[in-house]
Novice: 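One structure, as structure tokens, below. Some questions next.
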Amino acid sequence: MLLQTCVLAIALVQSLTQEDSEYELKTKSKRQTYDDPDPYKNLIQWLQDGKAEVSKVQIEVKSEGYRTLRASQFIRQGEWVLFVPRTHYLSLEEVKKSCLINRKMIQLNYIPNNIQTYFVNHLLQENRRQNSFWKPYIDVLPKDVSGFPTYFDEEQDALLKGSPTLFTVMNQRKIFKEEYENLKEAVKEFQRYGYTYNDFAKFRILTISRSFPVYIGENEQQQLLVPLADFINHDNNGFLQYGYSPDADGFFMQAIRNIQKGEELFYNYGQWSNKYFFMNYGFASLTNPMNQFDFDVCLDRNDRMFNMKVDLTGGNICWGNRLVNETDHDTFRQSLATVRFAQISKLDDFLQLEEDVQNFNQFWPGWHTTPKTIELEKATFKAFKELLVSELANFASTIEDDQRRLNDPKTPEFRRHIIMLTMREKQIIKKNIEICDMMLSIIDKNSEEIKNLMRYYNYREIARFVNSEIIPMKLEQEGLA
């Protein structure tokens with residue numbers, strides 16, 4: 001019986017391998033081997049053999065985790081820096097057809113939790129093949145992804161204590177693990193090939209960090225994995241743009257200014273926060289203008305108006321909010337309004353709010369809770385400060401500790417990015433605490449005193465809010481409106 005089972009298992013694996021091989025021969029029949037000891041030379045030769053235009057760039061390997069491209073010649077504004085034809089990049093359409101596991105998923109109507117899974121399965125397949133068409137590309141993908149938070153251990157996780165990024169990290173691990181286990185359960189071929197969770201997670205990370213969203217048609221956006229183009233690093237002032245050329249049928253990178261010979265190439269990955277960059281690319285930046293701090297504002301269950309507030313919100317008791325480095329910003333006003341809603345304690349204020357929002361289909365505290373009284377505003381800023389002080393105290397280190405570690409050349413690279421991520425979050429919190437203190441220092445003054453203070457430069461960040469909201473309420477309170 002055991003012998004019969006083993007024979008059946010061997011026959012099944014041979015059948016899978018045969019089906020896999022037959023499809024590979026049918027789709028990529030011509031193979032050329034690239035045997036140079038330098039995998040980067042193999043990549044360039046493979047691309048050139050495929051009619052890619054890569055002569056204007058050269059690869060520079062600074063470390064396993066930091067590869068980049070430099071201009072090998074002067075490149076004029078508007079010129080293509082590189083071009084990769086359709087045959088040498090991976091699209092969703094390609095990986096769905098050319099990967100056995102993906103074809104089985106489609107047959108079974110299995111829908112992955114993210115389309116990146118199709119790319120992961122393809123890379124797992126090609127990594128297993130000895131003579132894969134994609135071998136020159138696979139060979140230069142980073143071997144070490146331990147700098148990505150998905151791979152952090154408990155000690156490294158502890159460095160993220162207090163940061164909302166820690167929850168995102170834990171959630172990502174859960175999603176990756178669930179997808180892996182679901183694939184093993186639903187697609188028997190996936191399990192029989194023996195793909196490990198570590199392999200799956202590694203290629204999932206590599207896929208996320210190398211994906212280019214590109215419009216192929218007028219409204220058809222696709223994710224692409226583009227060899228060599230994924231060596232180009234991020235900069236807020238990046239000077240490249242990319243796209244798809246229907247005439248050349250391929251992916252291009254284009255200069256948006258003149259580029260000098262030897263200059264390192266950069267493009268802007270997008271207007272994202274440090275948390276996004278850290279999760280998807282493994283880095284953070286102190287100069288990122290889009291950094292933010294995410295936090296929740298929840299109703300107090302001991303609030304005597306708790307049930308009335310829950311009814312008004314349609315059953316919600318907590319709301320996600322974010323703060324950025326600019327306090328004169330919608331995110332600050334929305335966060336303040338949410339805290340204001342939680343602080344309403346007088347029935348008259350609540351009834352006024354109900355009247356204000358009766359024409360809205362759905363009530364949202366951050367959008368709809370406008371200032372009512374000076375007393376409520378004072379309670380709001382006091383509560384907001386207490387919330388932010390509590391959030392700041394949750395972190396594992398102080399801003400001063402962070403600065404010392406950043407100045408220490410012995411601090412490991414992965415830890416520097418954690419420090420930059422959490423340090424910027426703490427700086428945002430601290431700045432907003434200072435704004436609350438500033439508001440609390442003036443809110444008990446009379447309207448004339450407040451008007452005079454708002455002329456000073458020190459109050460520039462609260463002047464607009466004070467002039468438009470606080471002073472009119474003060475004038476009404478003083479009977480001068």
Side-chain angles (χ1 to χ4, degrees), residues 34 36-91 119 123 134-145 147-148 205-214 223-245 248 250-270 272 277 280-285 287-288 413 417:
Y34 299 88
D36 194 290
D38 184 346
Y40 300 103
K41 289 183 179 178
N42 291 333
L43 176 68
I44 294 297
Q45 188 61 57
W46 173 71
L47 287 169
Q48 289 175 335
D49 289 346
K51 308 303 181 187
E53 176 48 61
V54 295
S55 62
K56 297 177 184 177
V57 301
Q58 59 188 24
I59 298 171
E60 179 180 335
V61 182
K62 296 185 177 182
S63 67
E64 165 65 19
Y66 193 94
R67 296 91 57 83
T68 189
L69 295 184
R70 291 189 180 274
S72 60
Q73 64 183 61
F74 175 75
I75 303 173
R76 294 187 183 280
Q77 179 180 349
E79 285 185 19
W80 284 2
V81 174
L82 60 81
F83 168 78
V84 178
R86 179 189 289 269
T87 54
H88 281 63
Y89 64 69
L90 289 170
S91 65
F119 290 93
L123 292 175
W134 300 99
K135 189 176 188 302
Y137 175 50
I138 300 285
D139 285 348
V140 300
L141 289 174
K143 306 296 186 290
D144 181 12
V145 292
F148 285 81
I205 289 167
L206 291 176
T207 299
I208 293 171
S209 63
R210 276 156 176 73
S211 182
F212 291 88
V214 177
Q223 300 290 325
L224 306 180
L225 296 185
V226 187
L228 195 63
D230 58 10
F231 282 41
I232 301 175
N233 292 302
H234 165 78
D235 190 277
N236 293 329
N237 300 312
F239 43 86
L240 300 175
Q241 61 186 10
Y242 64 84
Y244 169 78
S245 169
F251 174 95
F252 66 85
M253 277 277 189
Q254 185 178 35
I256 60 175
R257 67 160 171 80
N258 290 343
I259 303 172
Q260 301 303 314
K261 180 179 179 179
E263 190 173 355
E264 186 172 358
L265 303 179
F266 294 100
Y267 78 94
N268 190 326
Y269 288 6
W272 303 107
F277 285 134
N280 292 284
Y281 301 99
F283 71 83
S285 169
T287 59
N288 181 7
E413 188 65 22
H417 290 292

Novice: Using the test side-chain contact (heavy atoms from CB on, under 4.5 Å), find all partners of F283 that sit at least two apart in sequence or belong to another chain.
Specialist: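 Once residues adjacent in sequence are excluded, the partners of F283 under the side-chain contact (heavy atoms from CB on, under 4.5 Å) criterion are H234, Y269, F277, Y281, H417.
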
Novice: S245 and A248: which non-hydrogen atoms are nearest, and at how many Å?
Specialist: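 Taking S245 first and A248 second, the nearest heavy atoms are OG-N, 3.1 Å.
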
Novice: Check whether any side-chain N or O of K143 sits under 3.5 Å from a backbone N or O of L141 as a donor-acceptor pair, and report yes or no.
Specialist: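 Side chain of K143 to backbone of L141, a donor-acceptor pair under 3.5 Å: yes, one is there.
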
Novice: Do N288 side-chain atoms and W272 backbone N/O form a donor-acceptor pair below 3.5 Å?
Specialist: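 Confirmed, N288 side chain pairs with W272 backbone.
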
Novice: Checking P37 now: which residues fulfil side-chain contact (heavy atoms from CB on, under 4.5 Å) with it, not counting sequence neighbours?
Specialist: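 For P37, no residue satisfies side-chain contact (heavy atoms from CB on, under 4.5 Å) once neighbours in sequence are set aside.
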
Novice: Which atom names give the shortest non-hydrogen contact between L240 and M253, and what distance separates them?
Specialist: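 Scanning both residues, the minimum pair turns out to be CB-SD, 4.1 Å.
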
Novice: Rounded to the nearest 0.5 Å, how far does CD1 of I259 lie from CD of Q77?
Specialist: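 Here the interatomic distance stands at 10.0 Å.
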
Novice: Answer yes or no: is there a donor N or O on one side and an acceptor on the other, between the side chain of E53 and the main chain of S55, under 3.5 Å?
Specialist: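 Yes: the side chain of E53 pairs with the backbone of S55.
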
Novice: Heavy atoms only: give me the nearest G50-P85 pair and the separation to one decimal.
Specialist: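 In this case the closest contact between G50 and P85 is O-CG, 3.1 Å.
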
Novice: Might you point out which heavy atoms bring P142 and R67 nearest each other, and give the distance in Å?
Specialist: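 Scanning both residues, the minimum pair turns out to be CD-NH2, 3.4 Å.
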
Novice: To the nearest 0.5 Å, what is the distance between CG (L224) and CZ (F251)?
Specialist: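 One gets 7.0 Å once the value is rounded to the nearest 0.5 Å.
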
Novice: When rounded to the nearest 0.5 angstrom, what is the spacing between CG in L69 and CD in E263?
Specialist: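 Output value for this atom pair is 13.0 Å.
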
Novice: For the backbone of K56 and the side chain of Q73, can you confirm whether one donor and one acceptor N or O come within less than 3.5 Å of each other?
Specialist: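 A pair under 3.5 Å: no.
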
Novice: Nearest heavy-atom pair of R70 and K62: which atoms, and what distance?
Specialist: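 That closest heavy-atom pairing would be NH2-NZ, 4.1 Å.
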
Novice: Decide side-chain contact (heavy atoms from CB on, under 4.5 Å) for N237 and F266; before the verdict, give the C-alpha distance in whole Å, the side-chain angles of both, and the deciding distance to 0.1 Å.
Specialist: CA-CA 8 Å; N237 300 312; F266 294 100; over 6 Å; no

Novice: Locate the shortest heavy-atom distance separating V84 from P227; write the atom from each residue and the value.
Specialist: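 Scanning both residues completely, I find the closest heavy atoms to be CG2-O, 3.9 Å.
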
Novice: Calculate, to the nearest 0.5 Å, the distance between atoms CG and OG1 belonging to L123 and T207 respectively.
Specialist: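 L123 atom CG to T207 atom OG1 measures 5.0 Å (nearest 0.5 Å).
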
Novice: Rounded to the nearest 0.5 Å, what separation is found between the CG atom of L47 and the OG1 atom of T87?
Specialist: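 Interatomic distance, L47 CG to T87 OG1, rounded to 0.5 Å: 9.0 Å.
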
Novice: Knowing that exactly one of Y89, F119, Y242, Y244 qualifies, which makes a ring pair (Phe, Tyr, Trp, His ring centres under 6.0 Å) with F212?
Specialist: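 Single ring pair (Phe, Tyr, Trp, His ring centres under 6.0 Å) partner of F212 among Y89, F119, Y242, Y244: Y242.
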
Novice: Using the side-chain hydrogen bond (donor to acceptor under 3.5 Å, both in side chains) rule, take Y34 and D139 through it: C-alpha gap first, then chi angles, then the decisive distance, then the call.
Specialist: CA-CA 11 Å; Y34 299 88; D139 285 348; over 6 Å; no

Novice: Any side-chain heavy-atom pair from W46 and K135 closer than 4.5 angstrom?
Specialist: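 Side-chain contact under 4.5 Å: no.
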
Novice: So, the side chain of N268 versus the backbone of G238: is there a donor-acceptor pair under 3.5 Å, distance only?
Specialist: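 Answer holds: no.
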
Novice: Is it true that a side-chain atom of T68 and a backbone atom of I232 form a donor plus acceptor pair closer than 3.5 Å?
Specialist: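 Such a contact is absent between T68 side chain and I232 backbone.
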
Novice: Say you draw a straight line from CZ of F239 to CG of L265; how long is it, rounded to the nearest 0.5 Å?
Specialist: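 Here the interatomic distance stands at 5.5 Å.
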
Novice: Can you check side-chain contact (heavy atoms from CB on, under 4.5 Å) on V140 and L228, steps first, answer last?
Specialist: CA-CA 9 Å; V140 300; L228 195 63; over 6 Å; no

